[in-house]
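A quick note: this is a predicted structure, and the numbers were derived from the prediction, not measured. Ligands are counted one by one from 1 in listed order, and the atoms in each one are counted from 1 as well. Note that the numbering runs from 1 along the sequence shown for the chain.
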Amino acid sequence: METVTTQDVTVNDLPWKIQYDTDRCTRCGNCVAACTFQAIEPVVERRSITLSTGNQPDPISKHSAVLVIKQKNSITQSCTGCGMCEKTCPNQAIKPVRNPDSRFNLLARRGGAPIKRGGRNALSSANPRTLDNIIVGRISQMTDPALDSERHTFDILAPFGRVLPPTELPLTIKNGEINLSGKLPPVNWIYPVIFSDMSIGALSTRAWEAVTLATAYLNEKYNMPVRMSSGEGGMPVKLLESEQLKYMILQIASGHFGWNRIVKSIPKMKVDPAGILIKIGQGAKPGDGGLLPAAKVASHVQAIRGVPKADLMSPPNHQGLYSIEESVQKMFLSMNAAFKFRVPVAIKCAASATSVSVYNNLMRDPYKICGGFFIDGIQGGTGAANEISLDHTGHPIVSKTRECYLSAVKQGRQGQIPLWSGGGIGLTGNAAADAFKMICLGANGVFIGKLLIQLMGCIGNEHGRCNACNTGKCPAGICTQDPRLVQRLDIDRAAQNIVEYMLALDSELKKLMAPIGNSSVPVGRSDALVTTDKAIAEKLAIQYVC
Ligand code: SF4
Ligand code: SF4
C-alpha cells in the first residue's frame, strides 16, 4: 500500500466532488468527452470479492476488472461543477456535488501565483443586494391616473452624448426666428440598456456574433435602439465598414488593442459608430487592467489585435504625460478629432470612493467634451481576473450612482453628462426592475454584460459554479476560442434568447413606468421608491417605510 502524506491532495480537498453510480453507467464515455477541464477519467478498477453461497461456509474469491469513471485528485484539473457530464450522460449516472469541506482556497496558490478566475465576486452571496431592498412604492393610481402599460405610447430613450442646458444652447433669435449659431455636441438617443463591453477574445466568435445579431435584430425588426459596446480588442473589418456600425459603441482601453484596424477603417466607414467609450477601469477588478490569457489568443484574435500569441495585459491606466486627467483629456480630444466631433465620446470608470470627484471634474471641463460617465460596480464582470481583486476590491454601484446624481443636482447640472451604471444589473434575473430602480435613483441608463452570457447558456454563478472564463475551456462555448468548444454554441438560439429577454424587459419596464405615471424614462424620480431598510433610506435619500 502506498504511503499517504498529509500534503497529498484528495478529492475531498476540491470544491466539487463527482457522484458516480457504477450500476447506472453504461460506459458510453460521453462524460469524459464533455469535460473540458479533464477532471474525470476512465480507469480500470480491480475488484475482488470473497463469497460463500451454500448452506455451509465454502468461500470462493472472484476477481474482476471493471471500467469506471473516476475524478482526478488534481488542483489544476479540478471539477468546476459545470455539470456538462450530467448533461451528456444518458443514464443519470454522474453529477457534480458541492463539497463543503473543500480546502481549495488554501491549496490553489501552489507555485506562488495568485488565484485567477472568471469575473464573479462574492459580494452578492455574502450580502443581500441593495436593489432587492427597494420597491416601487409610489402608485399614481391613488392620486392621479396611472398609464396603461399595454396601450400607452412610451418614450424609452436615454442620451449618449453631452447635453447642454437651455442657457448654453448656441441659439440666436433674429427676426423672430431661432437659428443655430454654433456647434452642438453630438447626442445619440438610444435604448437605456446597453450591451456591455465584452471583447472578441474574451468571448468566442460565435458568442460575440450572437450579441451583434441580437443587437441588429432588436433595432431592425423591433425598432429598439439598443447599442452594443465592442469591448477592448477591435472588431472585424467587415462590421466596421458595414451599415450596422451605427449600432456599435467602439471601446478604447488602456491596451489600445484593435485600434490599428479601427483607425485604418475610418476612411471606409459608411456610417458613424454610435459612440466611443474610453475605458479607464472596470468594476470587477478596479485598479487592474484587462487580461486576455494566451490560451484565448487564437489566430483571429491575433489578426484583429495585431499581436502574437501571448498573455495580453492592458496597463491599469492610459499612459499619459504627467497625470491621468491629462491623458484622459488627450484621449478625448484624439477620439473627437478622429471622428470630426460627430460621435459622442464617453468614459467608463470603476466605481470607487473617488468617482464623484472624477464626475465633477468632467462636468467642470469648459470644452464640454465628455458625453457620458459610465460607472461600473463591484457585482459585474465576466473576464479573467485575480481572485483577490474580484473579492476584495471595488465599490457597489447603487450608492455611487446616487452620489454622482445628487452632486450634479446640487450644482444644477443633472443630465448634462449622462450617467450610465452597470455591475450586477440583472444579477437575480430581473434586469428591468434593476434598471428602473437605478434610473429612479439618477442613472440615465444601465449596461449589462454577464446577463447576456447567461442568456446564451453560461452556467456559471455567484456561488462558485464554473467561473472558468479565464481558462479558455468554457464548457458552453462562450468564453473560449477552442474551435471544438465554440461549436457547442448555437448562434441563432443564443441571439434569440437575448432578443426575447429584451422584449420582455421592454414590457416589464413599461409595467413599472405606467404606475408612476411616466411615459419617458423617470431619471431621478426617487420619490417613486421606498425601502424597509433605514440605512438604505438614509444613504440613498429615499422614503423609509415599514
Ligand atoms: S461537472 Fe464539469 S468539470 Fe466536473 S466532471 Fe463534470 S464535466 Fe467535468
Ligand atoms: S462563460 Fe463559460 S467558463 Fe465562464 S462561467 Fe460561463 S460557462 Fe463557465
Hey, mind stepping through S229 and F447 against side-chain contact (heavy atoms from CB on, under 4.5 Å) and telling me if it holds?
CA-CA 9 Å; S229 170; F447 47 96; over 6 Å; no

Given ring-ring contact (aromatic ring centres under 6.0 Å, His included), test F160 with F374 step by step and report yes or no.
CA-CA 10 Å; F160 186 115; F374 284 59; 5.7 Å; yes

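Using a distance-only test at 3.5 Å, with no hydrogens or angles considered, a donor-acceptor pair links the side chain of Q71 to the main chain of I18.
The 4.0 Å heavy-atom shell around ligand 1 contains residues I18, C35, F37, I40, C79, T80, G81, C82, G83, M84, C85, P96, ordered by chain and number.
The pair E462-K450 meets the salt-bridge criterion, since a charged nitrogen lies less than 4.0 angstrom from a carboxylate oxygen. Salt bridge status for K17 with D101: absent, with no side-chain N to carboxylate O gap under 4.0 Å.
There is a side-chain donor-acceptor pair under 3.5 Å between T5 and D8.
Shown here is Y20, whose OH atom has more than 12 heavy atoms of other residues, nucleotides or ligands within 6.0 Å.
Ligand 2 places these atoms under 4.0 Å from at least one heavy atom of C474: 1 (S), 2 (Fe), 3 (S), 7 (S). Near G460, meaning under 4.0 Å from one of its heavy atoms, ligand 2 places the atoms 5 (S), 6 (Fe).
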